[in-house]
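Scroll down for the structure; my scribbles are underneath it.
The basis for the numbers below is simple: all heavy atoms, side chains too, and nothing from hydrogens, waters or symmetry mates. Quick caveat: nothing in here was measured; it's all calculated off a predicted structure. Start at 1 with the first residue, then count along the sequence.
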Amino acid sequence: QVQLVESGGGSVRAGGSLYLSCVASRITNSSACIAWFRQAPGKEREPVAAIARAGGSTFYAPSVKDRSTIFRDNPKNTVLLQMNALDPEDTATYYCAASRPGLHWLRCIVPRESEYTDWGQGTQVVVSS
């Protein structure tokens, strides 16, 4: 029943940048964490970045750390993910997700897919060399 809408996907050349946007309905304010996951062909879905709605604690996967930044805008109920120095290995479908109600905010630092119950439809990112 919670609606998450992603945008910003598309094609980009290696070394370029993009940002992904996730806009959620107000009901997601009860979720402690908003995270971005991605799934590439032949690979399992993996967490990319996450942020707590209160406190500002963040998580970054080692593969994107130092070249990605996750932002939040609580009044607009929006979370943004900016990625730089894109590589063809970043090609994947990117999903925005909200954690289950009642999850402690500390869990945002170690996101587990099973703890996220509301998902967007995904946005495709293709990085070409």
Side-chain angles (χ1 to χ4, degrees):
Q1 62 178 352
V2 178
Q3 183 175 356
L4 300 170
V5 181
E6 302 105 329
S7 63
S11 61
V12 62
R13 293 182 178 179
S17 301
L18 60 76
Y19 81 89
L20 305 177
S21 176
C22 173
V23 181
S25 60
R26 191 175 183 273
I27 194 172
T28 60
N29 289 343
S30 62
S31 298
C33 322
I34 301 293
W36 285 95
F37 292 78
R38 69 182 181 185
Q39 186 168 26
K43 299 180 66 177
E44 295 184 347
R45 188 151 56 187
E46 62 179 352
V48 179
I51 187 168
R53 296 186 67 86
S57 297
T58 57
F59 159 86
Y60 295 99
S63 60
V64 304
K65 188 177 181 180
D66 298 325
R67 62 186 182 95
S68 299
T69 305
I70 188 168
F71 302 88
R72 63 175 179 172
D73 188 342
N74 288 339
K76 295 182 179 179
N77 222 22
T78 300
V79 175
L80 293 149
L81 176 66
Q82 181 173 355
M83 300 183 66
N84 302 314
L86 289 167
D87 185 271
E89 293 187 355
D90 294 317
T91 296
T93 300
Y94 286 71
Y95 299 89
C96 177
S99 61
R100 64 172 174 83
L103 187 70
H104 196 279
W105 65 268
L106 284 173
R107 302 295 290 273
C108 304
I109 304 173
V110 284
R112 295 179 58 190
E113 183 175 343
S114 62
E115 295 178 338
Y116 287 76
T117 56
D118 297 296
W119 295 77
Q121 294 299 306
T123 184
Q124 186 74 25
V125 173
V126 178
V127 183
S128 60
S129 60

Taking the side chain from Y60 and the backbone from I70, do they hold a donor-acceptor pair closer than 3.5 Å?
yes
Give the ring-plane orientation class for F37 versus W119, where under 30° counts as parallel, over 60° as perpendicular and anything between as tilted.
tilted
For residues 4-20, the side-chain hydrogen bond (donor to acceptor under 3.5 Å, both in side chains) pairs (sequence neighbours left out) are S17-N84
Running the 4.5 Å side-chain criterion over Ile, Leu, Val, Met, Phe, Trp and Tyr, what cluster does W105 land in, apart from itself?
L106, I109
Is it the case that one hydrophobic cluster holds both L18 and Y94, taking links as side-chain heavy atoms less than 4.5 Å apart, direct or via other members?
yes
A54: partners by side chain to side chain contact (heavy atoms under 4.5 Å, CB included), with sequence neighbours left out
none
Which residue pairs satisfy the salt bridge (charged side-chain N to carboxylate O under 4.0 Å, His left out) criterion with at least one member in residues 54-73, sequence neighbours excluded?
R67-D90
Determine the minimum heavy-atom distance between S99 and S31, stating which atoms define it.
O-OG, 2.9 Å
Residues, nucleotides or ligands: over 12 heavy atoms within 6.0 Å of E46 CD
yes
With no hydrogens and no angle check, is any side-chain donor or acceptor of T91 less than 3.5 Å from a backbone partner on V127?
yes
Who passes side chain to side chain contact (heavy atoms under 4.5 Å, CB included) against A40, sequence neighbours left out?
K43, A92
Donor-acceptor contact present, side-chain N77 to main-chain S25, <3.5 Å
yes
Any side-chain heavy atom of L103 sitting closer than 4.5 Å to one from C33?
yes
Can you tell if the side chain of S57 reaches within under 4.5 Å of the side chain of C108, non-hydrogen atoms only?
no
So, T58 side chain and I51 main chain: donor-acceptor pair closer than 3.5 Å or not?
no
One pair to check against side-chain contact (heavy atoms from CB on, under 4.5 Å): L81 and V64. What are the steps and the verdict?
CA-CA 11 Å; L81 176 66; V64 304; over 6 Å; no
Partners of E113 by side-chain hydrogen bond (donor to acceptor under 3.5 Å, both in side chains), sequence neighbours excluded?
R45
Just how far is it from atom CZ of R38 to atom OH of Y95, taken to the nearest 0.5 Å?
13.0 Å
